[in-house]
Amino acid sequence: GSWGAEVAVVAYHEPVTNDKRLAAVFAVPRPLLPQGLRAEWCRLTMEAAVQTVLGAVLQPVAVPQRIVLLGVTEAVSASPSGTSNQRGQLPRLPGGKLDRAALRAAAEEAAVARPLLQSVTDSLGFVRTASTEVANVQRIVYGAYAVLMLLVVQSHFWGRMCTGSELGARANELAMDLAMPAFAVLAATLDALD
């Protein structure tokens, strides 16, 4: 059947910066909880939608920065039309109130698993704080820089080894023709991230 998810917003501490932030916790029945890349895509899509919708009507500090999909046991309830609904329910205390401590723990566990901010070392050796997505792109760019540096060093080596031959000069020119535009693209990518 169809399912709906209960949602609660809780305050939690981000592990890297120890900032207090908001997380929207969605209760999803365990059998319907997405796994792997599908879960990440679902979380990112929901995060963008929640931030867009709430950002239009709330102050920026009141918009949740994190979405947590909490796998819960499903509760089956009958709808007025007589059909059954699978509905994820958030953890509750014995009196029926939401268990805010459990929700905060789920948000903090998600924050440890996927921090919003990470400490990254830039190309000059300075440690900075960046979002997880930016940190991942920077790792790729710095890896590409390393490969291009090796290409340039290797072209100089072959250029020296083949002195006097046209092959060495052509190998050096080819490496420079490949490396220089790639360096420019990588530099522009890093500028766009800052």
Looking only at heavy atoms, the pair that brings P60 and Q65 closest together is O-NE2, 4.3 Å

Flag the pair P64 / V10 as yes when at least one side-chain heavy-atom distance between them is below 4.5 Å, and no otherwise. no

Which distance, rounded to the nearest 0.5 Å, do you find between the CG of L103 and the OH of Y12? 13.5 Å

Are side-chain heavy atoms of V25 and V7 found at a separation under 4.5 Å? no

Are H13 and D19 packed together at the side-chain level, in the sense that at least one heavy-atom pair is separated by less than 4.5 angstrom? no

Exercise: identify the closest heavy-atom pair between A23 and A107: CB-CB, 3.8 Å

Can you tell me how far apart CD (E109) and CZ (R104) are? Round to the nearest 0.5 Å. 14.5 Å

Should the pair R66-E14 be classified as a salt bridge under the 4.0 Å nitrogen-to-oxygen rule? yes

How many angstroms lie between atom CD1 of I140 and atom OH of Y145, to the nearest 0.5 angstrom? 14.0 Å

Examine L148 and Y142 and state if one hydrophobic cluster contains both, with Ile, Leu, Val, Met, Phe, Trp and Tyr joined whenever side-chain heavy atoms are less than 4.5 Å apart. yes

Indicate the atoms forming the closest heavy-atom contact of V61 with L22, along with that distance. O-CD1, 3.5 Å

Using modelled atom types and a 3.5 Å cut-off, is there a donor and acceptor pairing between side-chain atoms of Q51 and backbone atoms of A49? no

Which atom names give the shortest non-hydrogen contact between A106 and V68, and what distance separates them? O-CG1, 4.1 Å

Check whether any side-chain heavy atom of E6 sits under 4.5 Å from a side-chain heavy atom of F26, and report yes or no. no

With a 4.5 Å cut-off on side-chain heavy atoms, are I67 and V50 touching? yes

I need the minimum non-hydrogen distance between A8 and L90, along with the two atoms involved. CB-CD1, 3.5 Å

Closest approach of P91 to L70 (non-hydrogen atoms, all atoms of both residues): CD-CD2, 3.8 Å

